[in-house]
Peer 1: 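Shown below is the structure under consideration.
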Amino acid sequence: MSVATQDLGWLAGFLEGEGHFAFYGTTPNVQIAQVQREPLEKVVHIVGGKILGPYSHKKINHSPYYEVRLA
């Protein structure tokens, strides 16, 4: 699959702003959570993965959210 340069630029900015980077032991993990599903669909289109959710917040006034995890 060929990915456009502009898609990679968008992904870099999106991950930098919205992503969470962590290590679980020695395994790197990238996690992105969003209320809107559409940006996560674009992430999955560019790098693969699976959209999880919707998940509920513990606080009643928060909207459900979706998540993508890239390990």
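Counting begins at 1 with the first residue of the sequence.
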Peer 1: Output all residues satisfying salt bridge (charged side-chain N to carboxylate O under 4.0 Å, His left out) with E18, sequence neighbours left out; order by chain, then residue number.
Peer 2: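 Scan of E18 (salt bridge (charged side-chain N to carboxylate O under 4.0 Å, His left out), adjacent residues dropped) gives none.
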Peer 1: Kindly write out the residues that satisfy side-chain contact (heavy atoms from CB on, under 4.5 Å) with Q36, not counting sequence neighbours, or none if the list is empty.
Peer 2: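 With neighbours one apart ignored, the set is E38, P39.
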Peer 1: Which value, rounded to the nearest 0.5 Å, describes the distance between Q31 atom CD and Y24 atom OH?
Peer 2: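 If we round to the nearest 0.5 Å, Q31:CD and Y24:OH are 5.0 Å apart.
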Peer 1: Scan residues 60-70 for pairs that pass salt bridge (Lys or Arg N to Asp or Glu O under 4.0 Å), counting only residues two or more places apart or in two chains.
Peer 2: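 For residues 60-70, and leaving out neighbouring residues, the salt bridge (Lys or Arg N to Asp or Glu O under 4.0 Å) pairs sorted by first residue read E67-R69.
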Peer 1: Do the side chains of L8 and L70 join up, straight or via other hydrophobic residues, at under 4.5 Å, putting them in one cluster?
Peer 2: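 Shared cluster, yes.
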Peer 1: Residues in side-chain contact (heavy atoms from CB on, under 4.5 Å) with Q6, at least two apart?
Peer 2: A4
Peer 1: Taking all non-hydrogen atoms of both residues into account, name the closest pair between K50 and V44 and its distance.
Peer 2: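 For K50 versus V44, the nearest heavy atoms are N-CG2, 4.2 Å.
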Peer 1: Provide the closest heavy-atom pair for D7 versus I46 in the form atom of the first, atom of the second, distance.
Peer 2: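 D7 and I46 have their closest heavy atoms at O-CD1, 3.6 Å.
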Peer 1: Who pairs with L15 by side-chain contact (heavy atoms from CB on, under 4.5 Å), at least two apart in sequence or on another chain?
Peer 2: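 Per chain and number, L15 pairs via side-chain contact (heavy atoms from CB on, under 4.5 Å) with L11, F21, V30, I32.
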Peer 1: What pairs meet the side-chain hydrogen bond (donor to acceptor under 3.5 Å, both in side chains) rule with one or both residues in residues 51-66, with sequence neighbours excluded?
Peer 2: none
